[in-house]
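Note that the structure is predicted; figures quoted are calculated from it, not measured.
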Amino acid sequence: LNCMFPNYPAPNPLWGGAVGDGDGYHFIMYYRLNDEGKRAWREQTQAYRLLKFFVGTEDEKELERFKFIAHAQNPEEFNMPGFLHRYNGKPFLTRPQHRFYHGPDYFEIDIDVHNFTYIARKSAYTFLQGKLQAMVCDCGLVIEARSEDEMPEQVLGALTLTCLTPENAPEWQPPDKGPDDDDNE
């Protein structure tokens with residue numbers, strides 16, 4: 001899972017500010033099956049069947065089912081804005097700001113917060129500017145159930161982010177271009 005967060009103030013679309021791209025942070029998370037996941041795989045549980053279907057589909061409508069959950073454990077310690085309390089721990093669909101890539105041994109999900117709504121981008125930037133250092137946040141990945149046989153929805157991957165300091169993250173430097181690169185002049 002690759003979550004891309006902007007590191008610039010969100011331009012307000014009411015004043016002509018464009019949604020787009022720019023400096024930012026990537027939070028990259030890797031998942032693997034734990035014992036419960038391996039059991040689900042062997043027993044072909046409902047959660048396994050839904051995940052297998054989701055990973056194998058190319059249908060854009062089906063890929064819109066991806067949900068993310070973020071639950072701040074300690075909102076009072078980092079002064080979480082009041083309006084965000086009602087969304088704390090609530091799943092949300094990441095469409096259409098996500099992309100999926102897969103191959104024989106991997107499935108990658110990119111969530112691009114640069115293209116979220118204005119209020120979501122503004123909130124993300126606010127958290128990056130000082131609130132993450134005090135925040136403990138549980139995150140979960142869910143595929144939306146659309147029929148009774150897909151219920152109950154289950155968390156397929158989870159992690160806890162604890163007191164992150166994005167300014168200490170290493171900066172990625174693109175590799176130098178070689179003499180055979182097309183863009184080299």
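- Outside the 6.0 Å centre-distance limit, the rings of Tyr125 and Tyr8 are not counted as a close aromatic pair.
- No more than 12 heavy atoms of other residues, nucleotides or ligands sit less than 6.0 Å from atom CG of Asp35.
- Panel note: side chain Thr45, backbone Tyr48; a donor-acceptor pair is recorded below 3.5 Å.
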Pairs under 3.5 angstrom only: tabulate donor-acceptor contacts from the side chains of residues 130-144 to other protein residues two or more places apart or in another chain.
residue	atom	partner	partner atom	Å
Lys131	NZ	Phe78	O	3.2
Lys131	NZ	Asn79	O	3.2
Gln133	NE2	Glu167	OE1	3.3
Gln133	NE2	Glu167	OE2	3.2
Asp138	OD1	Gln73	NE2	2.8
Asp138	OD1	Thr160	OG1	2.7
Asp138	OD2	Gln73	NE2	2.9
Glu144	OE1	Arg146	NE	3.3

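- Between the CE atom of Met80 and the CG atom of Asn74 there is a distance of 9.5 Å, given to the nearest 0.5 Å.
- Residues Asp59 and Thr57 bring no donor and acceptor atom of their side chains to less than 3.5 Å of each other.
- Taking the six-membered ring for Trp, Tyr101 and Phe107 have ring centres at least 6.0 Å apart.
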For residues 22-34, please give each side-chain donor-acceptor pair under 3.5 Å, one per line with the distance, not counting sequence neighbours.
residue	atom	partner	partner atom	Å
His26	ND1	Asn2	OD1	2.9
His26	ND1	Asn2	ND2	3.4
Asn34	OD1	Glu36	N	3.1
Asn34	OD1	Gly37	N	2.8

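- Taken to the nearest 0.5 Å, the CD atom of Glu148 stands 11.0 Å off from the CD atom of Gln46.
- In the hydrophobic clustering of this structure, Val155 does not group with Leu159; members are Ile, Leu, Val, Met, Phe, Trp, Tyr whose side-chain heavy atoms approach within less than 4.5 Å, directly or through other members.
- Without hydrogens or angle criteria, Arg99 side chain to Ile111 main chain gives no donor-acceptor distance under 3.5 Å.
- The nearest pair of heavy atoms linking Gln97 to Phe116 is CB-CE1, 3.4 Å.
- When side chains are defined from C-beta on, Glu62 counts as touching Phe53, because their heavy atoms get closer than 4.5 Å.
- By the side chain to side chain donor-acceptor pair (under 3.5 Å) test, Glu150 is found to be paired with Arg65, residues two or more places apart in sequence or in another chain being considered.
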**Request:** Under the side chain to side chain contact (heavy atoms under 4.5 Å, CB included) rule, what do Phe68 and Leu1 come out as? Steps first, then yes or no, please.
**Result:** CA-CA 11 Å; Phe68 192 82; Leu1 177 65; 3.9 Å; yes
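- Cluster annotation: Val55 is connected to Leu63 through the hydrophobic network of ILVMFWY side chains, with a link wherever side-chain heavy atoms come within less than 4.5 Å.
- The distance from atom CD of Gln154 to atom CG of Leu156, rounded to the nearest 0.5 Å, is 7.0 Å.
- There is a path of hydrophobic side-chain contacts, each under 4.5 Å, that joins Phe100 to Leu50.
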Can you list, pair by pair, the side-chain donor-acceptor contacts under 3.5 Å of residues 86-96, counting residues two or more places apart and other chains?
residue	atom	partner	partner atom	Å
Asn88	OD1	Ala72	N	2.6
Asn88	ND2	Ala72	O	3.1
Thr94	OG1	His98	ND1	2.5

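- Every residue two or more places apart in sequence or in another chain was checked for a side chain to side chain donor-acceptor pair (under 3.5 Å) with Glu108, and none qualifies.
- For the side chain to side chain donor-acceptor pair (under 3.5 Å) test, residues two or more places apart in sequence or in another chain that qualify with Glu58 are His102.
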